[in-house]
Novice: 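The structure under discussion is supplied below as structure tokens; questions concerning it will follow.
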Amino acid sequence: MAQELSKQYNPKETEDKWYKIWEQNNLFSAKVSPDKLPYCIVIPPPNVTGILHMGHALNNSIQDILIRYKRMRGFEALWMPGTDHAGIATQNVVEKSLAKEGIKRQDLGREKFIERVWQWKEQYGSTIIHQLKKLGCSCDWKRLRFTMDQDYSAAVTEVFVRLYEKKLIYQGNYIINWCPRCQTALSDEEAAHAELQGSLYYLKYPLKDNPLEFISVATTRPETMLGDTAVAVNPKDKRYKKYIGKTLLLPLIKREIKIIADSSVDMEFGTGAVKVTPAHDPNDYALGKKHNLEFINVMAPDGSMNEAAKKYSGLDRFKAREAVLEDLKQLGLLEKIAPHTLSAGHCYRCHTIVEPYLSKQWFVKMKPLARLAIEAVKKGRIKFYPERWTKVYLNWMENIQDWCISRQIWWGHRIPVYYCKNCQGKNSKYGIIVSAAKPAQCPRCKSTGLVQEEDVLDTWFSSWLWPFATFYWPQQLSNNQKPETRNQKTDLNYFYPTSALVTAPEIIFFWVARMIMAGFEFMGEAPFKDVYIHGTVRDVEGKKMSKSLGNVIDPLEIIAEYGTDALRFSLISITSQGQDVFLSKERFEQGRNFANKIWNASRFVLTNLKPEEVNVDLCVFFRKEQLDIANRWILSRFYSTLDKAAKELDSYKFNEAANTLYSFFWHEFCDWYLELIKPQINQKQTQVVMYKVLEKTLRIIHPFMPFITEEIWQRLPGAKNSIMQQSWPHLQKDLINSEDERRMQAAFDIINTVRNMRAELEVNPQSRINIKLAFANKLAQNSMEPLFDHIKNLAKINNLSVNEKYTVQNNEYVVLLKDIHIAMPLAGIAEVSEQIKKNRLKIEKLESEIKNKEAMLSNKNFTERAPKEIVEAEKSKLNDMRAQIAKLEVIINGLR
RNA sequence: GGGCUCAUAGCUCAGUUGGUUAGAGCGUUGCGUUGACAUCGCAAAGGUCAGUGGUUCAAGUCCACUUGGGCCCACCA
């Protein structure tokens, strides 16, 4: 068995094999189990266009760790998977592939185009799902959902209708963010602001009455002057007081526009006079409403100028800018150009600069929805980890704006609104029918001439329902149901509210906040209890990883090169709570090396294991047998580690848990324990303890590194089932013995000292250190008698010969190591004075610390308030320090 | 303009409510490969915890300010 194990762990041979077996045996599936507590995470559905990147790898590793951990702890753990139809993104991708064939979507028409998108989705839409499987994700794949599934779409429609009936959805003409490339409206969140270097142009507008007199206005978008319908100044501004109410002649267009007064105008900025373009700027829009100005739209949906722009009609907005500036310059009306940094919205899908644009769109009134969602977070019913995101969330929620949900694209949930052409002509209020199913006829005029709204809904209008729509809401349950029917256990009321949400900070507003609102509105309950926000994965220079920057580290490449477990472990161990992750490829070597270490340590245990010896109950065995200190120590360390790791996992401190396991396994189990037991490996107690500790350690590492732990698990004698089906080890607090731990730690300290002294003698025979004394001191500090045997063992392993005897002097144990004792060299003067200096420094440091400690211990504040253990510890520390000073003084004398 | 966050070893970063001698990985240096492990092992060196002031018996940790990075939000034309 053990002979089959190669010297190195080979992830390629194991990963796909075990994943298949897990899946075939339904180990990921979860169902309503009344005798178990549910634990549920819904995956942040990746876009169907998605390709696994490091952000996904991190996000999903964390979720998998939680799910596997909770599953082992006895929860009915469900990880609900799915994908998002990603309206604009997917449409863009399909349009691009059509472009290669020389086809535009308009050539195909709506129906045919959507067919093509579905074809594309069937072909490529599950790429990311396969990649998640490579990552080891234990999602319940049989439940895989898609935001455009038929019943999911039904939920979306239902929600639209309900909100409309509650008067929380309305249609209206407003300035929205318009992407001229995608030719659709965007929500405020979808327009990402970015700074760019632009110019501030000062334009001169002549007075109508006196064409030689001008008012200068400053603008960053001169082409919009074609749509100006006023110039506004502050009523307090002395410079302009006399002009208020007068008329200007808008250059190029020759339109008469009024000079109006409004206190919102900043006198300091630019010239203090601002051009007002109500159809192309949100502030100007408000001014236009207030002052009853004309709204002149000068742009077409594609970002070119329209007929209202007269001779500039047809020019792209940026070309038009140049033309307008050139013409103004010719007329002597371009006063100056000043450099200016401005921030402009960019389409989050194609990065085109968005245009504030007046158009008719559908909106959701958010304030009423936000109320409960704010309260739930304030009262702690939903908790953010790390906590600081609470503030970000609340700040956004308390200033929430209405949500523009209509999109002028084809791929998505079409808005369930029907227009009756017959009625609409008479009165627009009557022409609108909102209905989940297409009505046969107009309820008013019985006309059958109904047309459905062309627009589709924002992608996030479907994903905000994710935590319950994935469970077939509203069929399974609605918040109208009476409480008694809630006892009937459907998936929805068993798993909802879900337990935790794991996501990135970028989508708190897009998704998390909206899910919370939808949860309260449609389920009457928060969708989840905990929100864990992990950091953003960045490259070494702190830049966000993106294809365009070419700084991407592909997780699949890492998996191919280092293995999935290595990828997962490395990612987790460098992600401290809420901090961004700065990633370079070398980081994965640590994970790979750890996997290899686990492999080889297990190989060692398995080759030396007598299976017939180890089939005992550890606790019974522990109580019956007198275990020696090495075995007691490793058991104690194991349970301390178990306790610590569980607490860290429970509080979402994944990196700390990973590092806890790493240092236990590597630096305690391997470095010390396995070395200590080599001389006694055939002993019954050692056989039992080494086996049990390995076996249990594999279980607690499993959530982090699922594949290697399964591979080894299957090679353990008597391994039953999969490691996935094992329970999390039960914490045996009585096996934790801090005194044993302390003494062993001291012994290791001594061994290291000896090793170093020996090494130093070999390197530099000139140096004279009073080794005997130093070593005796080390020992004396720690009362080592019971450990002497182990010291001998370790010394042997380290090729140090040891005297059989230790002697007692002044109540202190002194051990003499033969070769060191013999090889006592003579002094070199420089080194001696160095040594003395060093020791003096140490004494000084100790003395100042002693002063502090003495002050502390004589302070009532401390002795009365601090916990007893700490006071005691401080006292013994003080004594240790005093003893140490005494010894250092002896050493100094010895060196002289 | 508001908010968040970071500054700790040569590098990249941990460090939970203040409390042993501030930790890890990589790098450097030393020692070590005849059976767990060279994708290696063991160890060492390396830190006035960005600066200044404050609270405290006690500050990397709490407070204020300063300096220098990063991020988010906001309608400044």
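Quick note: numbers below take in every heavy atom, side chains included, and nothing from hydrogens, waters or symmetry partners. Per chain, numbering begins at 1; letters A, B, ... match sequence-line order. Values in this document were obtained by computation on a predicted structure and should not be read as measured data.
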Novice: How does RNA chain B look in dot-bracket form if you count Watson-Crick and G-U pairs under 3.5 Å, write [ ] for pairs that cross, and put | where a base pairs with another strand?
Specialist: (((((((..((((.....[...)))).(((((.......))))).....(((((..]....))))))))))))....

Novice: What's the closest nucleotide to the side chain of A:Asn593 if the choices are B:C37, B:A77, B:C40?
Specialist: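 Within the option list, the nearest is B:C40.
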
Novice: Any Lys/Arg nitrogen of A:Glu561 or A:Arg592 sitting under 4.0 Å from an Asp/Glu carboxylate oxygen of the other?
Specialist: no

Novice: Have a look at A:Tyr562 and say if it touches a base, only the backbone sugar-phosphate, or nothing, with a 4.0 Å heavy-atom cut-off.
Specialist: nothing

Novice: Taking only Lys NZ, Arg NE, NH1 and NH2, and the carboxylate oxygens of Asp or Glu, determine whether A:Arg321 and A:Glu223 approach each other closer than 4.0 Å.
Specialist: yes

Novice: Out of B:A36, B:G3, B:A74, which nucleotide sits closest to the side chain of A:Lys391?
Specialist: B:G3

Novice: Is the charged tip of A:Lys678 near the ring of A:Phe604: under 6.0 Å from the six-membered ring centre and within 45° of its axis?
Specialist: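 Yes, A:Lys678 sits over the ring of A:Phe604.
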
Novice: Looking only at side-chain atoms of A:Asn600, point me to the closest of B:A24, B:U39, B:C37.
Specialist: B:C37

Novice: What is the nucleic acid contact for A:Lys7, judged by heavy atoms within less than 4.0 Å: base, sugar-phosphate only, or nothing?
Specialist: sugar-phosphate

Novice: May I ask you to say what A:Glu589 touches in the nucleic acid, namely base, sugar-phosphate or nothing, with a heavy-atom cut-off under 4.0 Å?
Specialist: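 Counting heavy atoms under 4.0 Å across all strands, no contact is made by A:Glu589.
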
Novice: Under 4.0 Å between a Lys/Arg side-chain N and an Asp/Glu carboxylate O for A:Asp530 and A:Lys383?
Specialist: no

Novice: Taking atom C1' in both B:U33 and B:A38, what distance in whole Å separates the two?
Specialist: 8 Å

Novice: Which nucleotide sits closest to the side chain of A:Lys653: B:A77, B:U16, B:U39?
Specialist: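 Among B:A77, B:U16, B:U39, the one nearest the side chain of A:Lys653 is B:U16.
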
